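Remarks on the structure that follows.
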Amino acid sequence: MADPTVLIEIHDGVATVRINRPDKLNALNTSVRTGLREAFERIAADPTIGAVIMTGAGEKAFVAGADIEELSRLDEGSGRRFADEGQALYNRIESLDRPVIAAVNGYALGGGCELALACHIRIASSSAKFGQPEVNLGTIPGYGGTQRLTRLVGKGKALEMILTGEAVDAQEAHRIGLANAVVPPADLMATAERMARTIMTKGPRAVAHALRAVQDADERHLSGGLEAEAALFGQCCGTDDFREGTAAFLQKRKPQFRNA
Ligand code: COA
């Protein structure tokens with residue numbers, strides 16, 4: 001049987017959720033999304049878990065985005081549903097009443113950057129890179145990136161990243177507030193665990209209420225923004241440029257966009 005694409009390990013109340021598709025840079029395919037949903041259902045139902053660390057298998061990638069092979073088959077209707085489902089999954093992670101810390105061990109691109117953004121805190125390895133390269137494929141972030149990145153780093157920097165598709169390294173991510181800290185790769189998991197355990201010494205109800213209160217700070221605007229994002233993502237998936245952008249990636253060539 002194939003290895004599970006999402007692994008969950010629980011040690012003394014800390015759950016580590018590891019996306020496990022290293023040969024495809026942990027790209028989010030259907031199996032990974034299902035595995036993440038199940039992992040967070042299990043965590044939500046287990047009160048002995050006090051904190052979660054989210055990371056990727058291997059040394060190269062946290063998550064290099066949605067699986068472009070699956071993405072390439074979307075049209076306007078299925079693209080809209082794809083965004084709605086991904087947003088629901090990430091909302092579920094963000095609304096957990098215990099802290100979720102992303103240990104970003106490499107590329108966090110597209111849906112991977114958005115996954116890190118849906119976590120409450122981001123610790124980056126010095127080899128990490130964050131980016132929203134969807135424009136290279138003829139589409140836009142669809143899993144909350146236009147909303148959460150803008151809230152975290154401000155409109156100017158968010159637009160720079162989303163419009164150029166260029167990734168920022170860990171130091172720059174730290175400078176702009178996208179990463180809470182940068183540490184050597186060898187210290188990444190220990191640093192994330194230390195922070196998780198610090199939070200777990202606090203009153204659990206206070207931690208849950210703090211998470212809820214901070215989330216409430218922009219909840220109403222967030223849901224309106226997510227709705228707009230999903231509709232626009234779906235529209236992008238109905239275009240010839242999206243077919244061309246995804247096909248060009250899979251064929252390892254430069255895309256020729258025609259504004260169609
Ligand atoms: N979806 C599907 N497959 C992906 C992927 C994705 N998002 N990202 C990487 N892969 C696959 C590659 O196709 C390759 O598969 P292969 O070995 O079967 O050819 C494998 O993972 C390794 O990636 P590769 O591109 O060879 O590594 P690299 O070091 O040359 O480049 C990246 C690394 C991250 C720069 C490059 O993989 C990339 O640009 N990925 C896509 C990022 C992206 O656009 N994500 C947003 C999607 S919305």
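In each ligand, atom 1 is the first atom listed, and ligand 1 is the first ligand listed. Here the structure is a predicted model, which is why all the values come from computation and not from measurement.
- When distances from atom 24 (P) of ligand 1 to the protein are checked, no heavy atom turns up under 4.0 Å.
- Under the 4.0 angstrom criterion, atom 28 (P) of ligand 1 counts as having a protein heavy-atom contact.
- For atom 10 (N) of ligand 1, the closest non-hydrogen atom on the protein side is K24 O, 4.0 Å.
- Under the side chain to side chain contact (heavy atoms under 4.5 Å, CB included) test applied with L36, the options T5, I8, V17 reduce to a single match, V17.
- For ligand 1, the atoms lying closer than 4.0 Å to a non-hydrogen atom of K60 are 27 (O), 28 (P), 29 (O).
- Within the structure, the closest approach of K252 to ligand 1 falls below 4.0 Å when heavy atoms are considered.
- Scanning the protein heavy atoms around atom 9 (C) of ligand 1, the nearest turns out to be L25 CD1, 3.8 Å.
- The presence of a protein heavy atom under 4.0 Å from atom 38 (C) of ligand 1 is confirmed.
- Within the 4.0 angstrom cut-off, atom 21 (O) of ligand 1 has one or more protein heavy-atom neighbours.
- Using the six-membered ring where Trp is involved, Y143 and Y90 have ring planes that are perpendicular, over 60° apart on the 30 and 60° scheme.
- Ligand 1 lies less than 4.0 angstrom from a heavy atom belonging to D23.
- With respect to atom 8 (N) of ligand 1, the closest heavy atom belonging to the protein is A64 CB, 3.7 Å.
- With ligand atoms numbered from 1 in the order given, ligand 1 contributes 13 (O), 38 (C), 39 (O), 40 (N), 41 (C) to contacts under 4.0 Å with heavy atoms of F249.
- Ion pair E244/R253 flagged as a salt bridge, since at least one NZ, NE, NH1 or NH2 atom sits closer than 4.0 Å to an Asp/Glu carboxylate oxygen.
- Atom 44 (O) of ligand 1 is flagged as protein-proximal [any protein heavy atom, distance under 4.0 Å].
- Formation of a donor-acceptor pair under 3.5 Å by the Q132 side chain with backbone atoms of P141 is not found in this model.
- Contacts between K129 and ligand 1 below 4.0 angstrom, taking non-hydrogen atoms only, are absent altogether.
- A salt bridge links E172 with K157: the distance from a Lys NZ or Arg NE/NH1/NH2 to an Asp or Glu carboxylate oxygen falls below 4.0 Å.
- When non-hydrogen atoms are compared, ligand 1 lies under 4.0 Å from the backbone of I68 as well as from its side chain.
- Ionic pairing of R197 and E193 is present here: one or more N-O contacts between side-chain nitrogen and carboxylate oxygen are shorter than 4.0 angstrom.
- Proximity of atom 14 (C) of ligand 1 to the protein is not indicated, since no non-hydrogen protein atom lies closer than 4.0 angstrom.
- Under a 4.0 Å N-O distance rule, the pair K24/E69 does not qualify as a salt bridge.
- Residue D67 has at least one heavy-atom neighbour below 4.0 Å for each of these atoms of ligand 1: 1 (N), 2 (C).
- For A27, every heavy-atom contact with ligand 1 shorter than 4.0 Å involves the side chain, none the backbone.
- Ligand 1 lies within reach of A66, whose nearest heavy atom is under 4.0 Å from it.
- Close approach of ligand 1 to P133 (heavy-atom distance below 4.0 Å) involves ligand atoms 43 (C), 44 (O), 45 (N), 46 (C).
- Judged by distance alone, the side chain of R175 and the main-chain N or O of A170 form no donor-acceptor pair under 3.5 Å.
- Neither the backbone nor the side chain of N136 comes within 4.0 Å of ligand 1, counting heavy atoms alone.
- Heavy atoms of Q132 stay at 4.0 angstrom or farther from ligand 1.
- Counting only heavy atoms, the protein gets under 4.0 Å from atom 1 (N) of ligand 1.
- A donor-acceptor contact closer than 3.5 angstrom is absent between the side chains of E227 and Q87.
- In this structure, R212 pairs ionically with D216, as a charged nitrogen and a carboxylate oxygen lie closer than 4.0 Å.
- Near L109, the atoms of ligand 1 lying under 4.0 angstrom from a non-hydrogen atom of the residue are 34 (C), 42 (C).
- Considering only residues two or more places apart in sequence or on other chains, R21 meets the salt bridge (Lys or Arg N to Asp or Glu O under 4.0 Å) condition with D67.
- No side-chain donor from either of D241 and T239 sits under 3.5 Å from a side-chain acceptor of the other.
- Between T16 and E9, the side chains place no donor N or O within less than 3.5 Å of an acceptor N or O (distance only, hydrogens not considered).
- Both L89 and L117 sit in one connected hydrophobic cluster of ILVMFWY residues. Membership requires side-chain heavy atoms under 4.5 Å apart, directly or through other members.
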